[in-house]
Amino acid sequence: MALAYDGAIQRLIDSFASLPGIGPKGAQRIAFYLLGAPDDEAQRLTEVIAEVKAKVKFCEICGNVCETSPCTVCADPRRDHTVICVVEEPKDVMSIERTREYRGLYHVLGGAINPMANIGPNDLNIAQLLNRLQTDEVREIIVALNPNIEGEATTTYLSRLLTPLDVKVTRLASGLPVGGDLEYADEITLSRALQGRQSV
C-alpha cells in the first residue's frame, strides 16, 4: 500500500493536484516548495488568491475578467464597436490582444458546446451575444474558437443562429493546428489567422 503524507501537507498536495495542468508530482513539488519558502512569500500567495476571489469578476457586457465592469475593452471609445470577436474563455482575449492586430470588441462564451461534458448552448453566453446584436452597431462577428471538435460544433451552431441576422459572420483563417488552443498559438500565426479570416 502506498504511503501518503499526513494531514495538512497531503491536503495541500491534493488541492494543487486538483488544478488544471498540475499532476500529482507537480503538486508535490509546489507543496514542498511552499513548505520551505519564507513565511512572507507563502502569506503573499494567500493574500493574492483572496484578493482575486474578492475583486475579480466578469464584465457585464462581454464576459471578460475585470475588476470594474464594464471592462477596459468595452469601456474604451477607441475600439471598433462594429466588430465583435467571439472566444471561448477570457484567456483567449489575451491571446488575440497579443497580436496587436485586432481593435474591435470581444464576447466570451464561457466554454464550448460539449455533449460529453453535458454543456449545451443554454450553458454558454449566447443569449447575451444576441442581446448585444440588438443594441450595438455590430456589422461583423468573428468566431475565434479553438480548432477542435467542441469549437467546430459551437462555430456551426453560432453560424446557423447568426446567418439570418443582418451581420457578417467570419472565422479565423486556417493555419491554427487542429485540436490546439488559441492560448498556445504564437502571435504571428494568430495575426495571420485574423487578417485572412473567412466567411462561415
Side-chain angles (χ1 to χ4, degrees), residues 15-16 18-22 45 47-114 117-133 135-136 138 140-155 157-159 161-162 169-172 176-177 179-191 193-194 197 200:
S15 295
F16 283 128
S18 70
L19 298 174
I22 300 178
L45 178 62
E47 290 168 1
V48 168
I49 292 171
E51 182 181 23
V52 164
K53 293 301 288 180
K55 291 184 177 179
V56 176
K57 54 187 155 204
F58 295 101
C59 176
E60 61 201 27
I61 298 172
C62 72
N64 194 14
V65 289
C66 58
E67 289 191 20
T68 56
S69 187
C71 68
T72 55
V73 173
C74 290
D76 188 347
R78 297 167 299 176
R79 304 292 296 215
D80 183 354
H81 287 244
T82 67
V83 184
I84 294 178
C85 182
V86 178
V87 297
E88 288 181 29
E89 302 290 346
K91 63 184 183 227
D92 299 328
V93 171
M94 292 310 299
S95 297
I96 292 175
E97 283 295 292
R98 280 196 320 262
T99 68
R100 296 192 175 104
E101 290 288 334
Y102 180 71
R103 297 299 305 152
L105 300 176
Y106 291 96
H107 189 82
V108 180
L109 292 177
I113 295 171
N114 185 351
N118 208 24
I119 299 172
N122 293 336
D123 299 311
L124 305 177
N125 297 327
I126 294 174
Q128 295 87 330
L129 175 62
L130 296 176
N131 287 340
R132 291 179 72 182
L133 294 180
T135 56
D136 293 350
V138 180
E140 181 181 3
I141 298 287
I142 303 169
V143 182
L145 306 183
N146 291 324
N148 54 26
I149 294 171
E150 294 81 12
E152 290 300 315
T154 309
T155 297
Y157 180 84
L158 287 175
S159 67
L161 200 62
L162 299 171
V169 182
T170 59
R171 67 183 304 162
L172 296 182
L176 295 170
D181 287 349
L182 292 184
E183 178 185 7
Y184 303 115
D186 63 273
E187 289 88 347
I188 295 171
T189 302
L190 263 179
S191 177
L194 274 167
R197 57 187 183 265
V200 175

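When a residue number appears, it is its place in the shown sequence, counting from 1.
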Handout entry: 4.5 Å side-chain heavy-atom contact, Leu129 and Leu161
Key = no

Completion exercise
CG of Leu124 to OH of Tyr157, rounded to nearest 0.5 Å, is 9.0 Å

Practice task
Find out whether Arg132 and Val138 are in side-chain contact, i.e. whether some heavy atom of one side chain is under 4.5 Å from a heavy atom of the other.
Solution key: no

Exercise for the section: First locate atom SG of Cys59, then atom CD of Gln128, and finally report the distance between them rounded to the nearest 0.5 Å. Expected result: 11.5 Å

Fill in the blank from the handout: Here the pair of heavy atoms bringing Ala112 nearest to Ile119 is O-CG2, 3.4 Å

Exercise for the section: State, with a plain yes or no, whether a side-chain heavy atom of Leu133 is found less than 4.5 Å away from one of Leu162. Expected result: yes

Handout entry: Closest heavy-atom pair and its distance - Ala144, Ile96
Key = CB-CD1, 3.9 Å

Exercise for the section: Starting at NE2 of His107, measure out to CD1 of Ile142 and round the result to the nearest 0.5 Å. Expected result: 14.5 Å

Practice task
For the pair Arg79 (side chain) and Gly104 (backbone), establish whether a donor and an acceptor sit closer than 3.5 Å, ignoring hydrogens and angles.
Solution key: yes

Handout entry: Leu45 CG: over 12 foreign heavy atoms closer than 6.0 Å
Key = yes

Handout entry: Whether Ser95 side chain and Lys91 backbone form a donor-acceptor pair below 3.5 Å
Key = yes

Problem - Contact summary for Val143 and Thr155, nearest pair of heavy atoms - result: CG1-OG1, 3.4 Å

Handout entry: Leu19 side chain near Phe16 side chain, heavy-atom distance below 4.5 Å
Key = yes

Practice task
Drop me the distance from Asn131's CG to Ile126's CD1, to the nearest 0.5 angstrom.
Solution key: 12.5 Å

Fill in the blank from the handout: Thr154 and Glu150 have their tightest heavy-atom pair at OG1-O, 2.8 Å

Practice task
Name all pairs fulfilling the side-chain hydrogen bond (donor to acceptor under 3.5 Å, both in side chains) condition that reach into residues 67-77, sequence neighbours left out, sorted by first residue then second.
Solution key: Glu60-Ser69, Asp76-Arg78

Practice task
Test Cys66 against every option in Pro90, Cys71, Cys74 by the side-chain contact (heavy atoms from CB on, under 4.5 Å) rule and name the one that passes.
Solution key: Cys71

Handout entry: Flag, side chain of Asn125 to backbone of Val108, donor-acceptor distance under 3.5 Å
Key = yes

Practice task
Please name the pair of heavy atoms, one in Val86 and one in Leu145, separated by the smallest distance, quoted to 0.1 Å.
Solution key: O-CD2, 3.7 Å

Exercise for the section: Using side-chain contact (heavy atoms from CB on, under 4.5 Å) as the criterion, point out the one residue from Ile61, Val73, Asn64 that pairs with Tyr106. Expected result: Val73

